[in-house]
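To start, the structure itself, in structure tokens.
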Amino acid sequence: MEWSSVLSGAIEQGIGPSAIIYCLAAIGLNIHFGYTGLLNFGQAAFMMVGGYALGSLIQTWGWPLFPSLIVGLLMAVVLALVLGVPTLRLRADYLAIATIAAAEAIRQVLGSAALNDEFGGQDGRYGFVDGMRSLNFIPSGGVHFLGLDFRSYDFFIMIVGWTLALLLCGFVYLLMRSPWGRVLKSIREDEDAVRSLGKNVYSYKMQALVLGGVIGALAGIMSGLATSNVAPSDFATDTTFFTYTVLLIGGAARVFGPVAGALIFWFFISGLDLFFDKMTSGANPTIPESIMTDDQASLMRLIFLGLILMLIMIYRPQGIFGDRRELAIDAH
Amino acid sequence: MPTDTQPSSDTQSTTSDSILVADGVTRKFGGLTAVDVEHFEIQRGKITALIGPNGAGKTTFFNLLTGFDEPDSGEWTFNGQSLHGVPPYKVARKGMVRTFQLTKVLSRLKVIENMRLGATGQRGEKFLPSLFRGLWSAQEKENTDRAMDLLARFKLDAKADDFAGSLSGGQRKLLEMARALMVDPELIMLDEPMAGVNPALKQSLLGHVKSLRDEGRTVLFVEHDMDMVRDISDWVVVMAQGKIVAEGPPDTVMANQAVIDAYLGAHHDAALTHETEEEILAAAEAELEAEAEAEENS
Ligand SMILES: Nc1ncnc2c1ncn2[C@@H]1O[C@H](COP(=O)(O)OP(=O)(O)OP(=O)(O)O)[C@@H](O)[C@H]1O
Ligand SMILES: [Mg+2]
């Protein structure tokens, strides 16, 4: 293994399917948190209902790809309504609590042994991507350039995923330059002021929750399609927090924040992983086992990621695309 | 019963031209009765001042009337329609718009965007039409022109492209008032509009408030600045401890013993001047300091 393989490995991951999934999830979360100020701590739940609708409808009930996909998106609408109707009239923290609880509850239910026949328990659903594979137009040998190697299906997913991400960025741009987007941003700043001017704040918050949730479901669907598997462990609480990390690195309330954040996040996390793996592997590792074993090395990436996040928060708290002037303004 | 100083026949006694009428409105916070108003009216096309010492319940009464808070009992109507249980945004759409004592500017939006938000019936505020600029750009242009006119009136036009969060306290008050006017309200309710505004600008603002009346709007405002109250209001309502204790034309009300007592406690007998106001302020500050000290010591 050459040192350059660490770099190319990091780049492959940085633009690979995982980055796409988090990018999409963060685009949805940006509408919730970045623009509207909604504290959604259950983005993983929106991803999960999307991914599981796809996986189970195809594998368990034998549906074709596209109808399953549509149902996955509709499930996110339902989830948004269920979460939003009771909480969006109340103080902001109620939504936060409801989303955290719902995400874990949904995960426990879908992963339960009692529903093993429908949702496959802890293994989840798998092998449901034949429909997607049949659409693959990339040569079966895969794609190789600049020392990077991608398998055929992975590259196909990347093209579909990044196209989708860019289209969604355009969509968010159009929305947020409009008076509709202005109402959302105003709600983030002070919802009572918006009410006093005759806007139905509840309705706008609901629209934002649904829209961001549907985009979250799209992320879950891409996750299922990319890995050919949906399992409860894919949608744990840390998925939501990684999504927040991606969003904050790129810059909240910025159209391209989620894209930049996802690229940087995945480049570093896989780069660090490969680096420490290399340093501790082999018969005579660079870092002796007395200091660090290869098991411990896999945790190093999280430590360094935390460090990088701290540095960004200190030196560039507005994220990569953020506007420092804006951040200097205290919220009230 | 409120002790009406002078319910003169030409101004307040005819209920036919009241834009807002409230009856039996009460609001309790635990054991404290913050608002207990038996009867309250605002005459259409007039400037009405609501005055009273700190904690009299003025802001709470504003919140109740505009739907931001719910009363324990009471009924009130705007243009003859009951507003009980009507949510704040619908109250605003009916033409009754309020500002806040603690200003609520949208900090991370530009001043001009704050203003545009106030415009009503925007086509671009609907989800699907918002995607197509052609559907709303003409209306946005009209709104921007109107906003710039208003900003010029309030000496904020030079700040149009600054973030609202960068404005000073007084400028925020002005922005909030200008933004409320973007809604084109029939009744505008201002909670201490002059607090923190410099004297020179205050003078020109008084002119603006009067011109609102000349445009046919009705104004209700809360203010501690007695000069302003005397200068521009047609009718003054005095609240103390949640109740309306007096009302009438400014000169009569301010000479009223009940009002002076309410403001200064029964042992004072001087008319309200700047100095007495300052006294009250100093007393309040001393009290706050004492409280802070007590907290520190605990
Ligand atoms: N949310 C609340 N919870 C408990 N008590 C409250 C609340 N809001 C107001 N009060 C109390 O109600 C009383 C009236 O308050 P309010 O803010 O209406 O006074 P105000 O007349 O506007 O005074 P100021 O001139 O200082 O603005 C005060 O005693 C206050 O402590
Ligand atoms: Mg007040």
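All values below were derived from every heavy atom in this structure, side-chain atoms included, with hydrogens, water molecules and symmetry-related copies excluded. By convention in this document, chain letters (A, B, ...) are assigned in the order of the sequence lines, proteins followed by strands, and residues within each chain are numbered from 1. Small disclaimer: the values here were computed from a predicted structure and weren't measured.
- Other residues, nucleotides and ligands place more than 12 heavy atoms under 6.0 Å from the CD atom of Glu75(B).
- Here OH of Tyr89(B) is found 12.5 Å from NZ of Lys199(A). Values are rounded to the nearest 0.5 Å.
- Contact count versus chain A (heavy atoms, under 4.5 Å) is highest, among Arg98(B), Lys90(B), Arg116(B), for Arg116(B).
- Of the possible donor and acceptor atoms, none in the side chain of Lys185(A) sits under 3.5 Å from a partner among the backbone N and O of Leu106(B).
- Heavy atoms closer than 4.5 Å to chain A are found nowhere in Glu176(B), neither backbone nor side chain.
- Once rounded to the nearest 0.5 Å, the distance linking CH2 of Trp136(B) with OG of Ser178(A) reads 5.5 Å.
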Steps toward side chain to side chain contact (heavy atoms under 4.5 Å, CB included) verdict (Leu175(A), Ser130(B)): CA-CA 6 Å; Leu175(A) 284 174; Ser130(B) 76; 3.4 Å; yes
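- A donor-acceptor contact shorter than 3.5 Å is absent between the side chain of Glu189(A) and the backbone of Val105(B).
- Dense packing is recorded around CZ of Phe241(A), with more than 12 heavy atoms of other residues, nucleotides or ligands lying under 6.0 Å away.
- Annotation for Arg179(B) and Ala193(A): closest pair NH2-CB, 3.7 Å, computed over non-hydrogen atoms.
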Verdict with supporting geometry, Trp180(A) and Leu131(B), side chain to side chain contact (heavy atoms under 4.5 Å, CB included): CA-CA 9 Å; Trp180(A) 187 85; Leu131(B) 291 167; over 6 Å; no
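- In this structure, Leu197(A) and Ala180(B) approach most closely via the heavy-atom pair CD2-CA, 4.2 Å.
- Within the 4.5 angstrom heavy-atom criterion, only side-chain atoms of Tyr204(A), from C-beta onward, approach chain B.
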Trace of the side chain to side chain contact (heavy atoms under 4.5 Å, CB included) decision for Asp192(A) with Phe68(B): CA-CA 8 Å; Asp192(A) 275 345; Phe68(B) 280 86; 3.6 Å; yes
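- Around CZ of Phe29(B), the count of heavy atoms belonging to other residues, nucleotides or ligands within 6.0 Å exceeds 12.
- If you measure heavy-atom distances from Arg123(B) to chain A, you find no contacts under 4.5 Å at all.
- Interface check for chain A: of the options Lys94(B), Met182(B), Lys104(B), Glu140(B), the most heavy-atom pairs under 4.5 Å are formed by Lys104(B).
- Heavy-atom pairs under 4.5 Å with chain A were tallied for Asn143(B), Leu117(B), Thr66(B); the largest tally goes to Leu117(B).
- Ranking Val183(B), Leu102(B), Leu109(B) against chain A, the residue ahead of the rest is Leu109(B), based on heavy-atom pairs under 4.5 Å.
- Taking chain A as the reference chain and counting heavy-atom pairs below 4.5 Å, the highest number among Met96(B), Glu113(B), Gln122(B) is found for Glu113(B).
- Residues Glu125(B) and Pro179(A) come closest through the heavy atom pair CG-CB, 3.7 Å.
- Closest of all the heavy-atom pairs between Phe127(B) and Leu211(A) is CE1-CD2, 4.0 Å.
- Interface remark: Lys126(B) contributes backbone atoms only to the contact with chain A (heavy atom separation under 4.5 Å).
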